[in-house]
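Chain A is the first sequence line, chain B the second, and so forth, proteins listed ahead of strands; every chain is numbered from 1.
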Amino acid sequence: MTNIFEAASRSNSMFSDRRVFDPRHSPSTLRHRDAQVHAMVLNLADALEGHIPGNMILYGTTGAGKTAAARFVIQQLEERAEAIGSSVTSHEVNAQHTNTRYRVLHSIATRLWEKGDVTIPFTGWPADRVLEETVRRMDRRSGVHVIVLDEMDRLATQSEEQLLYDLTTLNVLLSTARASIIGISNDFSFTDSLTGPIRSRLAAEDIVFTPYTADQVNDILIDRATDGLREGTWDESGIRLCADLAAKEHGDARRAIDLLRVSAQRAEIGDANSINIEHVISAQAQMEQDRAITLMQGLPEHQKLILMSILINQRNGVHTQNSGTIWETYTQACSRAGFRPLTSRRVSTIINEFDSAGLAHVRNVFLGRHGRTKHVYSLIPKGIDAIQILSQDNPGLEAASKGAYKLQKRLG
DNA sequence: CCTCCACCGGAAAGCCGGGTCA
DNA sequence: TGACCCGGCTTTCCGGTGGAGG
């Protein structure tokens, strides 16, 4: 009898090194980002002499190489600093989850923890005290601290202003150490929302990452394939298709790399010798479906119910869905499920969140005499039973969806 | 040309469950 | 134990808003 793991780690695996496809993998060379890297280097070079390097913000769409470039440059900076005996410490914080003043400071201070330090609790302290402790630990380490604040546009609005104020004035509070901020943002208008002094201190230098073209994504993928896939398991046509599909998604290299990885897995499962067009196409479809299913399953109850209302409307042939019709269906669904409905104001923001999550397309429309509303349509990939996924394992939601079937029958 | 529709979305505040600390 | 703090989610309040139709 063969061991199940032995069977899984077959010798004819497509991959020679799977780590190459890990999102945290940092390649040895960075393609098509010379100008941006150069700008960052000029800005950070001061750090090596112990001066304060300027703050900067990297702008660009997802998968445009911002984070990769920041990591690449910082890694080189740290290596160089070590070689010449100067001290550079980097802190990477992703504001998607570490999204408040307290959490960002907590994260920086915690990484500077040394034996004998108190452990800062993840909540409970006044934020000012966390700031004090962070400053103390930075000073103790001394040297230059480069703080990379990734996805900074995702900071919670209430703490955003205060945190950025703290970070940009760190050098006033520090005595022996120096700090520099590298902000990374998907949103080009991010700095508009900031007050003048913070904006000018933070955005001393703006570095823009334009989306990769299909050709550039192609180059990146060829690098990855060379490093991570076995020879003879891939050819130009498969890579080209991955690149073209990604270019449609605004030159998202991260997604393209992921698509290549899933395509290789598909080929592996199908016992093929190499990746072909079919593998890429089915990988693309699978990724879209998986993404939507994961998102839907993770939604809170009321979000599920609202999304379900959109889907029910669509199934019932309501061609133009606006906020009013969705709210009507939603309140009916609530009474069937036995929930107290949220206010229409709240529902409105939730619908907008569906748009940014890619679950629905939402557009504001002005209908003159007939007022102002949103037009909404679902972007959930065909081939998945979304209503079933949304209602499963929740009696209330199941009741709501069953009631909707009855309604449909009556209409039919 | 002016009205007024039917909702938009920012701001602020409340509630609540998580926590610390003396 | 009670005063105090943090942060997510929600409600309340309210000043907009483009253009069809009178």
Go through the N and O atoms of the side chain of A:R346 and the base of B:dG9, and report whether any donor-acceptor pair is under 3.5 Å. no
Counting heavy atoms from C-beta on, name the nucleotide in [options] closest to the side chain of [X].
X	options	value
A:F122	C:dT17, B:dG19, B:dC8	B:dG19
A:R372	C:dT12, B:dT20, C:dG16	C:dG16
A:H370	C:dG16, B:dT20, C:dA20	C:dA20

Can you find a side chain N or O atom of [X] that sits less than 4.0 Å from OP1 or OP2 on [N]?
X	N	answer
A:N364	C:dT17	no
A:K374	B:dC8	yes
A:T343	C:dT10	no
A:W125	B:dG19	no
A:R129	C:dC4	no
A:N352	B:dC8	no

Just to be sure I understand the rule, does A:R103 reach a base, reach only the sugar-phosphate, or reach nothing, if contact means heavy atoms closer than 4.0 Å? sugar-phosphate
Examine the side chains of [X] and [Y] and answer whether a donor and an acceptor come within less than 3.5 Å of each other.
X	Y	value
A:T176	A:D139	yes
A:T98	A:S107	no
A:H302	A:Y330	yes

Which residue, A:P341 or A:R369, contacts DNA chain C at a nucleotide closer to its 5' end, judged by nearest heavy atom? A:P341
I want to confirm an ordering. Mapping A:N322 and A:G124 to their closest nucleotides on DNA chain B, which one lands closer to the 5' end?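 Final value for this comparison: A:N322.
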Would the A:F122 and A:Y102 ring centres measure less than 6.0 Å apart?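 Aromatic pair excluded; centres sit 6.0 Å or further apart.
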